[in-house]
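A short write-up of the structure that comes next.
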Amino acid sequence: MTSISADKKKKGGGTIRLWAVLFWLLVWQGASMAIGQEILLVSPLSVFLKLFELAPTGEFWQSILFSSLRILGGFLLSAGAGAVLAALSAKCRRVEQLLAPAVLAVKAVPVASFIILILIWISSRNLSVCISFLMVFPVIYTNTLNGIRKIDGELLEMAGIFRMSSWARFWYLSLPQVMPYFRAGCSVGLGLCWKAGTAAEVIGIPDGSIGEKLYHAKVYLNTSELFAWTLVIILVSLLFEKLFLAVLDGLTGRLERM
Amino acid sequence: MAIQIKNLSKSYGDHPVLTGFNAEFPEGKTTCIMGASGIGKTTLLRLMMGLEKPDGGEILGLAGKKLGAVFQEDRLCETLTAGANVRMVQRQPERSSREFAARMEEGFRRLGLEDCIRQKTSELSGGMRRRVALLRALLSEYDVLFLDEPFKGLDEKTREQVIAYTKESCRGRTVICVTHDREEALALGGEDRILELDYIV
């Protein structure tokens, strides 16, 4: 797996424009009206109405909290483990060799197989923590390891001459150079953890989770609820991504202004 | 104790760079090494710094010594500020002491970099970056300082200012400087402290 580019987005290219969103909403509304059967393709209007119907209920927010805590918990554990093990792998070839088959297996095995397997071992309540962890780990690990490998050899040589301490090397040389790679990994991982985590919940059906709501929406062919919960997942995922990356950028900014 | 180089040899493939090189660098003095491009000046510095292994011969008097260096390249961390680049080679608690902060500020001022302490090095000009790299080395805790063309890319006026500060802060310390410029060598070490590399190889 090659690492995700740490380069900043080119201006304009990847930006979401309001007019483009409105265009696709209109296409969706048009298609829904053309089909004329809400059960096959619900209209965006119905989805928003369903969302407004769900939002005032306590159960709605409890489900969001239940899934967020587990999925994001898995993500945070993965980010920590990925960064630490990448550092160990960069330091010791044997650790990298030891981890290589495991990382490859996690990348290659379908998420559904993992979900079923893990369901045998643990309760469905904590299934999304494990799945989120497993899906994010290879991305963060590979990206961070590549970032560490790209640390300028001339800077390390300079550090050796000046006998910089391990802490100073980490703080002044490694961290600023690896951070963009770690950030790129986190950005991708945050999207992945929600996709995989809710998929796990739909299969495991833990009580009070977003996945359970999606499952019931499917069983009762409640397409508007299915879309409403999907929209919730997208919004929560985006919100946490923005928050987490803003914290990381804040830390990086402080580091750069030292 | 002086640094002694005895019968030093180094080749890259079939190309010999140093053959049976002998020299002595006295303690507490600045010695400038001059010579044509490609004659092996930088190689000699790298050998003395222990960054490369010689094919033969020995270097005495450097064991256990703390080294400082300005490399041919600036070797600054681009994403960090100029101040952080200078501070990074200091040991704690010196790095965060008020006394060091004052010395660093004075150094920046003396090198004409007053407004650059909090600026990222990637935003600085080539000449400014060179001065930051030099200041980092000068303020480091060294027993022997190696300077590889430390004043390259500086205009004449700035260079005079920088040489004066370098000379002042290196007084009484062991410095080995590679330069192409005789004026720089004379200003730093004086006529009797110039080694013409092509004469001794």
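Residue numbering restarts at 1 for every chain, and letters A, B, ... go by the order of the sequence lines.
You'll find the side chain of E157(A) stays beyond 4.5 Å of the side chain of M49(B), heavy atoms only. Residues E78(B) and P176(A) form no side-chain contact, since every pair of their non-hydrogen atoms from C-beta on lies 4.5 Å or further apart. Between R75(B) and D152(A) the shortest side-chain heavy-atom distance does not fall below 4.5 Å.
Distance check, rounded to the nearest 0.5 Å: CG of L155(A) to CD of E73(B) gives 10.0 Å. Here the CG-CD distance, from L51(B) to E154(A), works out to 10.5 Å after rounding to the nearest 0.5 Å. Here the CZ-CH2 distance, from R87(B) to W171(A), works out to 11.5 Å after rounding to the nearest 0.5 Å. The CE atom of M88(B) lies 10.0 Å from the CZ atom of F162(A); values are rounded to the nearest 0.5 Å.
Using a distance-only test at 3.5 Å, with no hydrogens or angles considered, a donor-acceptor pair links the side chain of R91(B) to the main chain of R163(A).
More than 12 heavy atoms of other shown residues, nucleotides or ligands fall within 6.0 angstrom of atom CD in E106(B). Heavy atoms from other residues, nucleotides or ligands lying under 6.0 Å from CD of E156(B) number 12 at most. By the 6.0 Å contact criterion, NZ on K65(B) is enclosed, its count of non-hydrogen atoms from other residues, nucleotides or ligands being greater than 12. For K152(B), the NZ atom counts as densely surrounded, since its 6.0 Å shell holds more than 12 non-hydrogen atoms of other residues, nucleotides or ligands.
The contact between T79(B) and chain A is made by backbone and side chain atoms together, counting heavy-atom distances below 4.5 Å. The contact between K66(B) and chain A is made by backbone and side chain atoms together, counting heavy-atom distances below 4.5 Å.
Between chain A and the residues Q90(B), R46(B), Q119(B), the largest count of heavy-atom pairs under 4.5 Å involves R46(B).
I161(A) and A69(B) get closest at one heavy-atom pair: CG2-CB, 3.9 Å.
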